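See structure below.
Computed from a prediction, not measured in an experiment: that's the story for all the values here. Worth knowing before you read on, the calculation uses all heavy atoms, side chains too, and leaves out hydrogens, waters and symmetry mates. The chains referred to below are lettered A, B, ... by the order of the sequence lines, with proteins before strands, and numbering in each begins at 1.
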Amino acid sequence: GAGVSQSPSNKVTEKGKDVELRCDPISGHTALYWYRQRLGQGLEFLIYFQGNSAPDKSGLPSDRFSAERTGESVSTLTIQRTQQEDSAVYLCASSPIPQGYEQYFGPGTRLTVT
Amino acid sequence: DQQVKQNSPSLSVQEGRISILNCDYTNSMFDYFLWYKKYPAEGPTFLISISSIKDKNEDGRFTVFLNKSAKHLSLHIVPSQPGDSAVYFCAASAYTGFQKLVFGTGTRLLVSP
């Protein structure tokens, strides 16, 4: 079946512009996670959705970052007034239940802020 | 504060030999540990996991060992194959209503023919 998909695969933007990153989880997966991976770093947790509510936003690095999820499907991560330090690969993952340990990852969106 | 550490950024092994990837953690609340494998331009894929109530879990060529007293886990790949060449991430979780994974920085494994 279809895995987690993300779009765009690559995004280059100028500093100060807003960007939207999209994630389509595996159908039926209620839990959705956003992570980012900066160069040379591990994956860094950003936010978790159960259904369309976000019980844990603790990983969002600043108020320029926000995320939404429609029902138990598509999620968008929005970064306002992008900065160069936002350059990273943004990864989305989903799992069937929040208690599930195995998370299925998408291929990521590589964001470059110039 | 790096709660999960992979101190070896890279490892080179010959085909057929054993690959041993190491991971250390600091948070004693972690109760589940996972290894993910990542190829370039792809998302990480789940490889193998272990609960804190066990000290070993095996799946084919892959075995994960957990030493809770040392807060250390390792992934053994035997025999190593060129297709195993990838970046391997160790991840840990402490259940807080959902599985928030904390990842290490990864070890790049190169298996040469």
Side-chain angles (χ1 to χ4, degrees), chain A residues 2-10 21 23-26 29-51 53-60 69 88-111, chain B residues 1-10 21-27 30-54 57 59 64 66 73 86-108:
Chain A
V4 178
S5 62
Q6 294 185 245
S7 61
S9 54
N10 279 285
L21 312 180
C23 171
D24 284 89
I26 294 172
H29 281 195
T30 61
L32 186 147
Y33 309 80
W34 282 97
Y35 294 85
R36 77 174 174 183
Q37 184 183 17
R38 291 193 277 192
L39 192 63
Q41 304 294 314
L43 280 71
E44 175 189 2
F45 169 80
L46 297 179
I47 188 170
Y48 154 72
F49 284 94
Q50 175 55 31
S53 68
D56 192 316
K57 305 179 184 179
S58 62
L60 294 179
R69 188 179 184 195
V89 176
Y90 289 81
L91 291 150
C92 174
S94 69
S95 66
I97 53 175
Q99 297 85 0
Y101 291 96
E102 184 176 337
Q103 297 177 15
Y104 298 81
F105 282 83
T109 294
R110 181 177 296 279
L111 175 65
Chain B
D1 176 25
Q2 193 75 28
Q3 296 186 65
V4 178
K5 299 178 185 178
Q6 293 177 258
N7 292 318
S8 298
S10 63
L21 295 94
N22 293 303
C23 178
D24 297 290
Y25 62 96
T26 57
N27 188 342
F30 288 146
D31 60 3
Y32 205 82
F33 304 88
L34 307 90
W35 285 93
Y36 278 82
K37 175 174 158 179
K38 185 180 185 303
Y39 292 117
E42 295 183 11
T45 55
F46 170 76
L47 191 58
I48 192 170
S49 62
I50 188 167
S51 164
S52 61
I53 62 173
K54 294 185 174 181
N57 189 27
D59 184 2
V64 56
L66 175 63
L73 66 155
V87 177
Y88 289 78
F89 290 97
C90 170
S93 173
Y95 185 68
T96 56
F98 71 99
Q99 295 305 337
K100 178 177 175 178
L101 296 181
V102 179
F103 284 83
T105 52
T107 296
R108 184 178 301 277

- Query: Closest heavy-atom contact between B:Ala41 and A:Pro107?
  - Reply: O-CB, 4.0 Å

- Message: Counting C-beta onward and ignoring hydrogens, is there a side-chain heavy-atom pair between A:Tyr35 and B:Phe103 closer than 4.5 Å?
- Response: yes

- Message: As an exercise, state the distance from CD of B:Glu42 to CZ of A:Phe105, rounded to the nearest 0.5 Å.
- Response: 13.5 Å

- Message: Counting only non-hydrogen atoms closer than 4.5 Å, does A:Gln37 touch chain B with its backbone (N, CA, C, O), its side chain (CB onward), both, or neither?
- Response: side chain

- Side chain from CB out, backbone as N, CA, C, O: work out which of these in A:Ser58 comes under 4.5 Å of a heavy atom of chain B, or both, or neither. side chain

- Message: Using side-chain heavy atoms (C-beta onward) and a distance below 4.5 Å, is A:Gln103 in contact with B:Tyr36?
- Response: yes

- Query: What is the minimum heavy-atom distance between A:Leu43 and B:Pro44, and which atoms define it?
  - Reply: CD2-CG, 4.0 Å

